[in-house]
Amino acid sequence: MPELPEVETIARGLEQRIAGDIIESVWIGDKPQPLKSPAAEIANVLEHSRIEHVRRVGKHIVFDLEREPRLAWKNATRTRDTIASSRAQWIVHLGMTGQLLIGPSDAPILKHTHAIVKLASGRELRFVDYRRFGRLAVSRLGAEKDTGFGAPGLEPLETDLDHFIPLFNQRKTPIKSALLNQKLLSGVGNIYADESLFRAKVRPRRRASSLTRAEFQKLHKGLQQVLREAIKAGGSSINDYVNAEGREGFFQLKHYVYGREGKPCRVCKTPIKRVIIAGRSSHYCPHCQK
DNA sequence: ACTATTTCCTGGATGC
DNA sequence: TGCATCCAGGAAATAG
């Protein structure tokens with residue numbers, strides 16, 4: 001399940017491989033689920049645009065697009081206004097199982113392929129997502145309405161302790177749930193919430209407001225450390241996750257608690273426990289975490 | 001204003 | 001072997 005480190009890895013891979021390429025045409029499947037913008041609008045914005053950059057925002061992959069005026073003029077349906085506002089963004093959320101794959105145009109089309117973007121280099125960028133929790137959207141810069149991002153939280157790696165603590169210290173909800181709330185922090189999912197709580201020696205059920213300043217300090221540091229280490233390892237591959245090259249990350253080998261129910265704690269050998277908090281599996285060491 | 005629960009979706013695992 | 005049921009979870013929608 002792609003969280004911040006996995007999405008960062010994918011975005012970096014895409015930036016390396018397709019930045020500068022031009023989108024020639026777009027096909028979007030008829031399954032309506034994965035769209036946050038109308039299919040025609042997505043195609044309209046993407047076609048004849050140059051991909052300037054690919055980057056990560058929270059768990060979103062953002063393609064910064066610049067319309068190619070000469071190419072756009074060839075299309076008789078486009079108006080002068082459309083061409084004038086030439087900057088836009090394509091925003092992809094991978095959900096649970098979404099993949100963005102680059103390959104030759106004659107590669108076999110995988111089941112659950114929902115979008116195909118034809119590039120001027122001859123390659124295709126394909127969006128494949130068998131569980132359809134992923135979402136596609138476009139946003140024209142300067143537009144009032146924000147299609148891509150609801151109310152994005154702070155970037156965990158760019159938030160210092162003094163901004164981190166006030167996000168949580170008034171909340172009665174379990175600290176685990178608060179870490180998953182994308183309106184507070186953007187990019188933390190189930191794996192890195194559990195792993196950061198282990199590093200902070202705090203149990204996931206603790207009310208966010210009950211943490212001491214020292215515990216917040218350890219959580220802040222532990223979260224930043226685990227995210228940085230996971231990015232270095234290319235993310236965690238649990239089920240389907242692969243990067244833009246189709247290769248797996250290996251941070252799952254470094255997990256202390258996530259996916260280790262019943263296995264001995266790497267620190268104290270106590271069996272790792274799994275409980276459900278707000279409908280989410282939560283893993284912790286009952287001895288190390290208070 | 002918050003918090004908790006339900007819903008969407010598929011396929012692998014599990015149970016009888 | 002086959003068929004039904006459960007489970008994984010991000011985040012929007014709904015309920016309290």
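Every chain is numbered from 1 and lettered A, B, ... according to where its sequence line falls, protein lines coming before strand lines.
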Exercise. In whole angstrom, what separates Leu94(A)'s CG from dG10(C)'s P?
Worked result: 12 Å
Exercise. Whole-Å distance between dC2(B) P and Leu167(A) CG?
Worked result: 12 Å
Seminar exercise, completed: Atom CD1 of Ile175(A) and atom P of dT3(B) are separated, to the nearest Å, by 11 Å
For this session: Compare side-chain N and O positions of His93(A) against OP1 and OP2 of dG10(C) and report whether any pair is under 4.0 Å apart.
Result: no
Exercise. Is it true that atom NZ of Lys218(A) has more than 12 heavy atoms of other residues, nucleotides or ligands lying nearer than 6.0 Å?
Worked result: yes
Exercise. So with a 6.0 Å cut-off around NE2 of His287(A), is the heavy-atom count from everything else above 12?
Worked result: no
Exercise. Closest to the His112(A) side chain: dC9(B), dG11(B), dA12(C)?
Worked result: dG11(B)
For this session: Give a yes/no on whether any side-chain N or O of Tyr258(A) is located under 4.0 angstrom from OP1 or OP2 of dG9(C).
Result: yes
Exercise. How long is the line joining CG of Asn181(A) and C1' of dA1(B), in whole Å?
Worked result: 13 Å
For this session: Give the rounded distance in Å between these two atoms: CG of Asp129(A) and C1' of dG11(B).
Result: 13 Å
Exercise. Are OP1 or OP2 of dG11(B) and a side-chain N or O of Lys111(A) less than 4.0 angstrom apart?
Worked result: yes
Exercise. Between atom CG in Leu179(A) and atom P in dT3(B), what is the gap in whole Å?
Worked result: 14 Å
Problem set entry | N or O in side chain of Ser281(A) less than 4.0 angstrom from dC7(C) OP1/OP2 | no
Seminar exercise, completed: Sorted by position of nearest nucleotide on DNA chain B, 5' first, the leading residue of Pro174(A) and Arg280(A) is Pro174(A)
Exercise. Side-chain N or O of Arg274(A) less than 4.0 angstrom from OP1 or OP2 on dA8(C)?
Worked result: yes
Problem set entry | Selected nucleotide, minimal atom distance to Lys183(A) side chain, candidates dG10(C), dT3(B), dA12(C) | dA12(C)
Exercise. Between the side chains of Arg126(A) and Thr113(A), does any donor sit under 3.5 Å from an acceptor?
Worked result: no
For this session: Compare side-chain N and O positions of Lys59(A) against OP1 and OP2 of dA11(C) and report whether any pair is under 4.0 Å apart.
Result: yes
Exercise. Is there a donor on the side chain of Arg131(A) or the base of dA8(C) sitting less than 3.5 Å from an acceptor on the other?
Worked result: yes
Problem set entry | Aromatic stack Phe133(A)/dA11(C): centroid gap under 5.5 Å, interplanar angle under 30° | no
Exercise. Nearest-Å distance, CG (Leu136(A)) to P (dA12(C))?
Worked result: 15 Å
For this session: Indicate the ring-plane relationship of Phe127(A) and His114(A), choosing parallel, tilted or perpendicular according to the 30° and 60° boundaries.
Result: tilted
Exercise. Does atom NZ of Lys111(A) have more than 12 heavy-atom neighbours from other groups under 6.0 Å away?
Worked result: no
Exercise. Separation of Lys176(A) atom NZ from dA11(C) atom C1', in whole Å?
Worked result: 15 Å
Exercise. Taking atom types as they are modelled, is there a donor-acceptor pair under 3.5 Å from the base of dG10(C) to the side chain of Arg135(A)?
Worked result: no
Exercise. Can you find a side chain N or O atom of Thr173(A) that sits less than 4.0 Å from OP1 or OP2 on dC2(B)?
Worked result: no
Exercise. Which residue, Lys273(A), Arg274(A), Lys263(A), Gln289(A), forms the side-chain contact (heavy atoms from CB on, under 4.5 Å) with Val257(A)?
Worked result: Gln289(A)
